[in-house]
Structure formats: C-alpha cells, structure tokens
Amino acid sequence: MEQQLFSSIGIIIADDYEGWRRQARLLLQVRSELQVIWEASDGLEAVQKAEELKPDLILLDISFPKLNGIETARRIRQLSPGSKIIFLSLHGSPDLVQAALNTGALGYVRKTDAQRELLPAVDAVLRGEQFVSSSLKDCEFTATSVEKAPHRHVVQFYSDDAVFLDTFASFIATALKAGDAAIVVIAESHRDGLVLRLKTLGVEIDAATQQGTYIQLDVAKTLSTFMVNDMPDSARFFEVVSDLIEAAAKATQREHSRVVAYGECAPLLWAQGKPDAAIRLEQLWDEVSKTFKVDILCGYALSSFHGEGDERVFQSICAGHSAVYSQ
C-alpha cells in the first residue's frame, strides 16, 4: 500500500491560457507524487499527447480555440481509456457540467474554486469517485462512462420553399406541442413563412416565444457572434450555443427537457461561397448534437449544388449528418 501511495502519477494539463496552466502546476507541485508530464495549449494537442503518453490524469479546460474540451475528452476516452479526466473550467452552467461528465470524466472543478478544491478533486478522481465543485452543490449530476442517448443531426435537401416550410414547420411543431423547446436560426426570407405555417399547424407561437420555448434568431446576426476570419471559432460557437440550449431547456420548466434546433447558418456560408466554413460548422453542430442530446435539422436548397464541381462539399455535408433526406 505504501508503494502505491507514493508512486508517480503522470498528469497532462490542457488549457489555452498559460496563466491557468501555471496556476494548476503550482497547485499540484506541493505533492511530489503528482508529476506534470505535459502541458497542452489546445484540444488537438491534448488528444495527441494523451494517446502518446497515456497519463494517469488529465486536467482539461472546455473552451479551446480549436477542438473544444467536450469533444477532446470524448476522443481521449477512446484513445487512452485508462486516463482519468477532471474538467477545470470557468463555466458553471449545469447543462454544460453534465455534458462534460457525460463524456466519462469523473471531475469538474470551477477555476474559481481551484485553489481549495483541485487537490481534493484529484484524490477523489484517482480513487474512481466523482468530484464536482462545491459551488455547484445545489445541482445533481450523474456520472456515465458511455453516452447512451441517441442523437439526430439530419439534413434535408429541398427542391423549393414549399417543401422547406412543410418539413421544418412539422419538425418544430412536433417538438413544441410535446412541451419541448425549439431554437430556430433562420434567414429573413423564410421567417414570416415559417411562423405562418407553424400557426396553421396549431402552434401558439406568440405564447411559446414569450415563454422562451421558441427562440428565433436571425442567421446573419448569429453567424457574426462566432465567425473569425471567415471560419467558425469553436470556442465562441460552443459558448453561444450552450447558452441558448440552457435557456431553452429551462423555459420548458420540466426536469427532463428536450431541445430541438433548426439552423441555416451553414447553408448561408455555402451560399456565400465559403464551403470549408460550412463543412466545419456542420461538424461543430454535430458535436453539439452528441454533447447535449439535441435533435438538429439543417436545410439546403438543392439548386445551390451544381454538378461535379460541388460534389466534394455535398458529400462532406452528407457525411456530417446522421441521416440525409432529399425532396
């Protein structure tokens, strides 16, 4: 037992801010058996080094300029399943904390609590126990090693606006009538028609908007919140979308709420001649679908794809979805 207690424990610290990596390292170094074997500044580097070094423990931020922490943890769990994970993050959203724990991570420490709670978290997680910051004590979280719930990230290629309105109004109306919430990021040209079609389907859209279970956003304005140099910034995107999902879920006033989303962000990027940005955004939406168990429906006009020149983009978009429909 003594030999096991004082054996070296290899740790990777992954955070894009050097100051936080330094603070975590200082907190750990008071215990000689806790050895920091690598510091990573982004998610991709953390995944690579986890696979290479097979650390005992990884301290992981959520917001990275490249691969976000949730997806980073998911990949690490596949490549180095013996490595235990503690999220060390400023975020305190209960939904985001649960999403982090759903990856199989055992610990979640808010950076504001790290001074007094990081070492107790390390001890608990190394014992195989869950540890969540005391500042989140009023919330209940479950620990899961495997994400169980299915998700749907569906793309609909539509031939005209009538097909568009029928498909997406039905998708949203089904959710709202079931007491769930819907987030709609839509182009101005489709906005009034969608609202009218929802009312035709018997949806009390004004009441749902007031309650917060129907959140409608302008596609161009939404893109401006997370686009950097004509590409979606994953950290900004994840922060914007997680806040929207949390607000929508709370508005349902149900313990087990469900959120669906429809978005025209990636289709607008494609229409603007930014195929790489559109493909990357679809990948980010897919991560959101898996992380938050959100059903997502995307729509592209069939007329926006022209012959063999657009085949690569078309195939990439299809590959980024769990189901593909055309009408």
Side-chain angles (χ1 to χ4, degrees), residues 16 42-43 62-71 91 93 95-96 153-158 161 164-165 167-169 171-172 181-195 209 212 214-249 259-292 294-305 310 312-314 316-321:
D16 61 333
D42 63 63
I62 283 184
S63 297
F64 283 116
K66 295 181 181 178
L67 192 69
N68 71 65
I70 301 291
E71 181 62 21
H91 296 288
S93 158
D95 287 341
L96 193 56
H153 181 202
V154 177
V155 60
Q156 170 78 56
F157 295 98
Y158 57 91
D161 279 357
F164 166 87
L165 291 172
T167 302
F168 299 108
F171 173 72
I172 295 163
I183 299 168
V184 176
V185 187
I186 192 168
E188 184 176 1
S189 59
H190 288 145
R191 191 180 310 153
D192 292 342
L194 180 62
V195 169
T209 301
Y214 180 76
I215 299 175
Q216 182 175 278
L217 303 169
D218 177 76
V219 61
K221 291 180 181 178
T222 303
L223 278 171
S224 70
T225 63
F226 57 76
M227 292 293 290
V228 177
N229 297 324
D230 283 339
M231 286 295 288
D233 181 275
S234 61
R236 293 186 182 184
F237 171 82
F238 205 81
E239 184 173 359
V240 169
V241 172
S242 63
D243 286 347
L244 284 171
I245 293 171
E246 181 182 4
V259 178
V260 303
Y262 164 70
E264 291 190 276
C265 291
L268 178 58
L269 291 174
W270 166 237
Q272 292 174 340
K274 302 171 184 176
D276 291 338
I279 292 169
R280 178 58 183 145
L281 188 54
E282 290 290 11
Q283 293 168 347
L284 292 174
W285 274 117
D286 201 53
E287 291 177 21
V288 166
S289 180
K290 293 173 182 175
T291 299
F292 294 100
V294 174
D295 285 345
I296 299 173
L297 183 59
C298 306
Y300 290 79
L302 279 169
S303 59
S304 67
F305 296 89
D310 294 339
R312 178 189 70 86
V313 178
F314 182 83
S316 296
I317 289 172
C318 291
H321 293 81

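Just so we're clear, the structure is a prediction, and the values are computed from it rather than from any experiment.
Shown here are the side chain to side chain donor-acceptor pair (under 3.5 Å) partners of Gln283, two or more places apart in sequence or in another chain: Arg280. When the salt bridge (Lys or Arg N to Asp or Glu O under 4.0 Å) test is applied to Asp310, no partner is found at least two apart in sequence or on another chain. Listed by chain and residue number, nothing satisfies the side chain to side chain donor-acceptor pair (under 3.5 Å) test with Tyr158 (two or more places apart in sequence, or in another chain). The side chain to side chain donor-acceptor pair (under 3.5 Å) search around Glu287 returns Asn68, not counting sequence neighbours. Considering only residues two or more places apart in sequence or on other chains, Phe64 meets the ring-ring contact (aromatic ring centres under 6.0 Å, His included) condition with none of them. Take Arg236 and apply the side chain to side chain donor-acceptor pair (under 3.5 Å) test, not counting sequence neighbours, and it matches no residue. Here His91 pairs with nothing under the ring-ring contact (aromatic ring centres under 6.0 Å, His included) rule; sequence neighbours left out.
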Let me check something: any side-chain donor-acceptor pairs from residues 182-190 under 3.5 Å, sequence neighbours excluded? List them with distances.
unit_1	atom_1	unit_2	atom_2	d
His190	ND1	Glu264	OE1	3.3
His190	ND1	Glu264	OE2	3.0
His190	NE2	Asp161	OD1	3.3

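The shortest side-chain heavy-atom distance between Phe292 and Leu96 falls under the 4.5 Å cut-off. The shortest side-chain heavy-atom distance between His321 and Cys298 falls under the 4.5 Å cut-off. Using a 4.5 Å heavy-atom cutoff, the side chains of Leu194 and Ile172 are in contact.
Distance alone, capped at 3.5 Å, is enough to place a donor-acceptor pair between the His153 side chain and the Gly320 backbone.
For residues 222-233, every residue pair satisfying the side chain to side chain donor-acceptor pair (under 3.5 Å) rule, not counting sequence neighbours, is listed here: Asp230-Lys274. The ring pair (Phe, Tyr, Trp, His ring centres under 6.0 Å) pairs that include a residue from residues 259-284 are Phe164-Tyr262, Phe168-Tyr262, Trp270-Phe305, where partners are two or more places apart or lie in different chains.
Side-chain rings of Phe157 and Phe314 approach one another, their centers coming within less than 6.0 Å.
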